[in-house]
Amino acid sequence: MVEMSESVLGNLGVYIPPEVDMPVVQAEVARDGVSAPPADEPGLAGVVQEAARDGIDLKIVVIDNNPPIDTPLRDIATEVGQANPGSTVLVLSPSFAGTYSTEFDRVTLEAGEDLAKTGNPVQSSQNFVSQLNTPDFPWTALTIVLTVAVFLAVVVTRVLTVKAKSSDAEKEPATSDS
């Protein structure tokens, strides 16, 4: 029987496009939090610094070409995130976005990804950080309030129904059999 090592099992399903040189990407990200074409580097470095002021350890990777599907962007983000524990990673291509974070939940990340598909890496990154800083709607609190309100409405309705029936019973004259 063949034993599979953890390193083999840990990489099942991971696809990094061949044109993405992960050692170079990791080195650039380690330097200033950004791996991108030189024209985008200053603007993206500014977004990383702004995010840091908001308490977000952001790393941004921009690749020049779209992969066939967006999944490889998440794979790149995961590799960069695992090399930079505690960071939130945004990977952009011209039409796709992929993310990784241990700080933010997948719903928040995907909402940010939707806003990060502008074709302009700096604007996309700013939109992504803006989404991360947007407070979530308190669905749990709303659910509790609505549940309590419905329960109280049922109790009040029942009490009023019982009172109405007993009031009707008192008002009906007793019929006598003669």
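In terms of the side-chain contact (heavy atoms from CB on, under 4.5 Å) criterion, residue partners of R53 (sequence neighbours excluded) are, by chain and number, Q49, E50. Every residue was checked against the side-chain hydrogen bond (donor to acceptor under 3.5 Å, both in side chains) condition with T78, not counting sequence neighbours, and none meets it. Partners of E103 by side-chain hydrogen bond (donor to acceptor under 3.5 Å, both in side chains), not counting sequence neighbours: none found. Residues forming a side-chain hydrogen bond (donor to acceptor under 3.5 Å, both in side chains) with D54 (at least two apart in sequence, or on another chain): N133. Judged as a side-chain contact (heavy atoms from CB on, under 4.5 Å), and not counting sequence neighbours, the contacts of T71 are I69, D75. Applying the side-chain contact (heavy atoms from CB on, under 4.5 Å) criterion to D105, with sequence neighbours excluded, gives V107, T108, D136. With sequence neighbours excluded, the residues forming a side-chain contact (heavy atoms from CB on, under 4.5 Å) with A97 are L90, L92, E113, A116, K117, listed by chain and number.
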As a quick check of understanding, evaluate side chain to side chain contact (heavy atoms under 4.5 Å, CB included) for F128 and T99, giving each step before the final call. CA-CA 10 Å; F128 178 73; T99 55; 3.5 Å; yes
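The side-chain hydrogen bond (donor to acceptor under 3.5 Å, both in side chains) contacts involving residues 140-152 comprise nothing, where partners must be two or more places apart or lie in separate chains. Listed by first and then second residue, the salt bridge (charged side-chain N to carboxylate O under 4.0 Å, His left out) pairs that reach into residues 57-73 are D57-K59, sequence neighbours excluded. Pairs of residues two or more places apart, or lying in two chains, that qualify as side-chain hydrogen bond (donor to acceptor under 3.5 Å, both in side chains) and include a residue from residues 31-44 are E28-S35.
Under the side-chain contact (heavy atoms from CB on, under 4.5 Å) test applied with V89, the options V80, I60, L109, V29 reduce to a single match, V80.
Summarising the geometry, atom OG belonging to S93 is positioned 5.0 Å from atom CD1 belonging to I63; distances are rounded to the nearest 0.5 Å. In this structure, CZ in R74 is found 5.5 Å from CD in E110, a value given to the nearest 0.5 Å. Atom-to-atom distance recorded for I56:CD1 and S87:OG is 12.0 Å, nearest 0.5 angstrom. Taken to the nearest 0.5 Å, the CG atom of N65 stands 10.5 Å off from the OG atom of S95.
Side chain of E79 to main chain of Q26: no donor-acceptor pair is present (N/O by atom type, distance under 3.5 Å, no hydrogens or angles).
Hydrophobic cluster membership is shared by V47 and L132, with clusters built from Ile, Leu, Val, Met, Phe, Trp and Tyr side chains linked at under 4.5 angstrom. Cluster membership check: V20 shares its hydrophobic cluster with F96, using side-chain heavy-atom separations under 4.5 Å among Ile, Leu, Val, Met, Phe, Trp and Tyr. Neither V62 nor I16 shares a network with the other; the hydrophobic side chains, linked directly or stepwise wherever heavy atoms of I, L, V, M, F, W or Y lie under 4.5 Å apart, form separate groups for each.
Side-chain contact of Q131 with N127: a donor-acceptor pair under 3.5 Å is absent, judged by distance alone.
Side-chain heavy-atom separations under 4.5 angstrom define the hydrophobic clusters, and V24 shares its cluster with no other residue.
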Expected list for residues 150-161: side-chain donor-acceptor pairs under 3.5 angstrom, two or more places apart:
unit_1: T157; atom_1: OG1; unit_2: A153; atom_2: O; d: 2.7
unit_1: T161; atom_1: OG1; unit_2: T157; atom_2: O; d: 2.7

